[in-house]
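All chains are named by letter (A, B, ...) in the order of the sequence lines, taking the proteins before the strands, and each is independently numbered beginning at 1.
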Amino acid sequence: MDIIAGLNPQQIQAVTAPAGPTLVLAGPGSGKTRVLTQRVIYLISEGVSAYRILAVTFTNKAASQMRQRIESQMEGDTRGLNVGTFHAACARLLRSEADHFSQSREFVSRDFVIYDSADQRSLIKHAMDRHRIDTTRFKPVRIHSTISNAKNDLVSPAEFQRDSYYDEIVGQVYESYQQLLRANNAVDFDDLLMGAVEILQSDPQILKRYQDYYQRVLVDEFQDTNHAQYTLLQLLAGSHRQLFVVGDPDQSIYRWRGADYHNVRRFQQDYPEAKVVLMEQCYRSTQTILDVASAIIDQNRGRTAKNLFTERKGGNAVDLREAYNEEEEAGFVVETIATQVLQEQFLPGDCAIMYRTNAQSRVFEEAFIRAGIPYRLFGATRFYARREIKDMLAFLRLACNPRDGVSLERVLNVPPRGIGRKTMAALQDAAGPDESLCTVLLDLADDGTRSPHYDSIGTRPARPLVAFGKILSRWIQAVQEEQSMEEVLHLILKDTDYERYIQDGTGIGLDRWDNVQELLKVARDFGDTDLGAVLEQIALVSDVDSLGDDQDSSGAPCLMTLHSAKGLEFPLVFIVGLNDGVLPHRRSFDEPEEMAEERRLFYVGLTRAKEQIYLTYTFRRRNFGEDAMGLPSRFLDDIPDELMVGDVSGRPSRSLASGPSRQVTRRRSVDVVPASSVPVSLQFTTGQRVHHSNFGSGMVIDSKLVGSDEIVVVAFDGVGIKRLVAGTANLEVKAN
DNA sequence: CCGCGCCGCTTTTTT
DNA sequence: AGCGGCGCGG
């Protein structure tokens with residue numbers, strides 16, 4: 001049968017494993033996605049109905065990839081197949097069970113909203129205010145992360161241990177935070193998981209229904225599960241124990257958000273009868289790359305050693321380079337990419353630059369801009385986190401769930417309509433502790449001066465509140481009439497005169513308005529989908545990259561953090577900033593477990609490469625503005641000399657901070673492109689239509705002189721906004 | 001109420 | 001260095 005065609009013996013074992021728990025330990029590039037999809041197809045061919053299969057992943061990207069692959073290989077009956085992220089699956093469970101559950105307990109109702117991290121932080125601050133806790137002494141983000149960890153460990157506010165003064169504070173905030181979430185009819189990401197577990201644990205009938213429904217459960221990236229997720233899987237698998245999990249402890253890089261690769265070992269203890277399949281054959285990288293990666297990861301203690309191998313014997317040695325500083329490092333990388341592309345060794349889209357922290361991307365962006373080479377930046381300011389988009393979503397969420405106080409607070413005075421601190425306080429007083437602010441607003445809008453709230457608030461402050469209440473009630477009505485997201489958005493934009501507010505005449509204003517237009521486009525794509533469902537999807541996707549995935553095979557080098565590189569592969573990989581303190585990050589120095597994770601992060605980066613790896617570090621490194629001496633990463637010591645070329649002989653022993661060898665590699669040509677001639681005046685003006693050989697047509701939205709270069713910001717049709725150097729980008733002005 | 005300027009902090013990030 | 005938060009002054 002063709003389900004196993006082209007698979008190696010281990011892959012076949014995994015795909016056709018008999019019923020019962022199965023653990024697949026899959027090395028990088030060993031074809032784990034393929035195994036997962038073939039397993040699903042195999043199960044269906046064995047007579048399991050598609051809708052009785054649940055496959056969970058961590059990211060939407062992985063989920064849609066898997067779904068696509070399955071659908072492309074199967075004719076028909078994949079309908080009802082459940083492929084999705086943990087959070088999406090839990091949100092679905094919560095929504096379908098919320099109603100008859102909320103009657104017996106205090107719980108959210110089915111139209112709950114999902115708060116993103118900014119909303120969550122705002123609510124944490126409110127909770128801290130309640131207890132008069134100084135938000136400068138105790139940082140809300142830190143408190144939130146402690147609470148988040150507790151939730152991931154399924155520890156409720158009542159169970160939260162308060163052994164120290166700090167924990168006492170957190171315990172109080174946790175308690176209030178949960179109350180506030182419920183009052184707003186909102187959940188945070190962690191609540192989705194914890195809530196699902198709570199429901200299943202407290203109602204045997206519901207649990208049985210789900211256990212009977214999902215006959216098979218498959219899990220991707222199992223090493224990244226946290227305690228809540230593990231418990232959820234255990235509950236779902238129940239007595240049938242049909243769990244098929246795939247993972248690689250060596251690629252566990254999300255400890256800081258609760259992931260615990262020990263769940264792999266725990267799985268073997270909890271399911272001793274589990275069939276274990278080890279997949280060690282790699283189809284991605286050359287043997288040299290695998291050897292380097294293995295040399296790195298072998299240094300970690302207490303792991304099950306894997307023996308990765310490939311039929312792609314040999315391969316180029318890893319190329320190590322020292323640069324003087326970050327600028328030179330970026331210059332080297334961009335220059336190397338340009339050369340390799342010119343020599344037709346690689347396509348621009350084959351190349352990826354990976355770094356430890358997002359802050360490192362800027363120098364590389366600038367180098368690309370100078371060289372006039374387009375690039376793709378992963379994980380930049382997320383589209384849905386932008387101010388104007390958050391405003392729009394807050395309006396929409398309010399229209400769906402008027403109890404959403406965080407959204408109301410956000411946009412009550414946006415655009416400014418004369419509602420300040422005092423008016424806000426008056427409104428809060430009028431509402432009292434039990435009524436939501438929105439109820440008061442709508443009441444004011446309906447009854448005007450006759451409303452009992454009117455007098456308590458006072459005539460002057462009431463006026464803008466009445467006005468806002470009126471437009472808000474119009475939106476609520478529009479949602480109840482099941483108007484589409486696009487229609488409601490248009491209504492909101494008109495009622496708030498948002499364009500005039502956001503378009504302040506600057507380029508930034510134009511950017512923002514563009515983003516609003518982009519959101520309208522998203523809305524249009526969703527068509528008549530129920531607005532609540534759209535908002536949930538947006539809350540759980542929240543990454544424009546995974547939305548616009550189809551068009552991103554465009555050939556440009558990618559810039560990304562090592563974290564976001566996971567799951568991807570590139571022929572040519574640059575891992576940059578290999579300085580001690582950067583990778584490994586200084587925050588991991590005194591924690592062995594953290595240090596081990598930094599090592600895994602490096603390992604993940606190395607194993608993304610198919611053909612060639614460049615590693616770079618710098619002689620000097622700017623820290624927080626301060627210029628300082630840099631040390632090469634300690635990880636470099638673990639790479640055998642014979643697997644490396646480049647500045648290897650000059651590789652200084654890390655114990656010697658300086659030495660004569662350092663001088664040798666200093667100073668290479670930085671300029672990738674000859675400095676452009678000084679423009680007498682700006683060549684381009686805002687509003688001009690232009691054409692670029694790579695990006696096509698677009699409109700100039702900003703242009704300014706930076707040093708001797710004119711930097712033009714162009715919104716390319718269907719491509720997006722790019723910053724270009726006028727002198728090197730070869731922009732043609734089009735007649736309009 | 002809004003805008004400006006100073007102070008302080010600084011990993012990773014998906015859901 | 002650069003951003004965000006907060007406090008003061010208009």
Side-chain angles (χ1 to χ4, degrees), chain A residues 56-63 84-91 114-122 125 134-137 139-142 145 148 151-152 187-194 196 221 224-226 228-229 252-259 326 354-363 378-382 384-385 387 412-424 460-461 464 504 536-543 545-546 560-567 577 581-589 591 594 597-598 600-602 604-605 622-627:
Chain A
V56 279
T57 61
F58 277 84
T59 65
N60 292 293
K61 203 174 188 170
T85 63
F86 271 102
H87 290 84
C90 290
I114 300 168
Y115 275 174
D116 71 14
S117 35
D119 304 327
Q120 292 165 28
R121 201 187 53 188
S122 153
K125 278 189 174 170
D134 184 2
T135 50
T136 52
R137 263 190 66 206
K139 278 189 281 171
V141 271
R142 203 174 143 221
S145 102
S148 175
K151 288 184 173 188
N152 288 331
V187 298
D188 65 12
F189 296 130
D190 307 317
D191 282 341
L192 291 170
L193 303 174
M194 194 163 75
E221 306 278 17
D224 283 335
T225 49
N226 59 35
Q229 286 158 334
S252 168
I253 53 175
Y254 287 108
R255 196 178 103 95
W256 45 274
R257 65 179 211 221
E326 285 100 322
M354 302 173 189
Y355 36 79
R356 178 65 234 264
T357 68
N358 271 315
Q360 292 170 256
S361 73
R362 245 196 54 195
V363 191
F378 273 66
T381 327
R382 317 237 300 282
Y384 291 106
R387 192 183 87 194
L412 188 56
N413 198 35
V414 173
R417 52 173 69 86
I419 303 174
R421 227 192 45 203
K422 278 194 145 168
T423 311
M424 188 69 177
R460 202 198 49 82
D504 54 1
E536 171 169 320
Q537 268 199 51
I538 288 177
L540 292 177
V541 171
S542 284
D543 185 15
D545 283 318
S546 43
M560 67 186 78
T561 61
L562 286 160
H563 281 92
S564 42
K566 187 157 111 169
V582 181
L583 181 67
H585 197 275
R586 51 173 55 76
R587 294 264 274 244
S588 69
F589 281 178
E591 243 277 36
E594 296 271 302
E597 179 142 319
E598 295 289 306
R600 292 193 291 269
L601 196 51
F602 186 31
V604 165
R622 264 191 308 282
N623 261 345
F624 299 122
E626 225 57 12
D627 194 49

TODO: Nearest-nucleotide wise, let me know which of A:G418 and A:L601 is further upstream toward the 5' end of DNA chain B.
DONE: A:G418
Open item on the list: Reading DNA chain B from 5' onward, which residue's closest nucleotide shows up sooner: A:R356 or A:T59?
Closed with: A:R356
Is the distance from OP1 or OP2 of [N] to the nearest side-chain N or O of [X] less than 4.0 Å?
X: A:N413; N: B:dC2; value: yes
X: A:K61; N: B:dT13; value: no
X: A:R587; N: B:dT11; value: yes
X: A:N60; N: B:dT14; value: no
X: A:N358; N: B:dT11; value: no
X: A:T561; N: B:dT13; value: yes

Task: Nucleic acid footprint by protein, nucleotides 2-10 of chain C - heavy-atom cut-off 4.0 Å, B for base, S for sugar-phosphate alone - done: S--S-----
Open item on the list: With heavy-atom distances below 4.5 Å as the criterion, would you say the side chains of A:L193 and A:N226 are in contact?
Closed with: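 A:L193 reaches A:N226 side chain to side chain.
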- [ ] Describe the nucleic acid contact of A:L562 in one word from base, sugar-phosphate, nothing, applying a heavy-atom distance below 4.0 Å.
- [x]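 No contact.
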Open item on the list: Applying a 4.0 Å non-hydrogen cut-off, can you work out what A:R622 is touching in the nucleic acid: base, sugar-phosphate, or nothing?
Closed with: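 Counting heavy atoms under 4.0 Å across all strands, no contact is made by A:R622.
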Task: ring centroid sep under 5.5 Å plus plane angle under 30, A:W256 with B:dT12 - done: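 Given the distance and angle limits, yes, they stack.
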Open item on the list: Looking only at the side chain of A:H87 (C-beta and beyond, no hydrogens), which of the listed nucleotides B:dT15, B:dT13, B:dT11 gets closest?
Closed with: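 Closest nucleotide to the A:H87 side chain: B:dT15.
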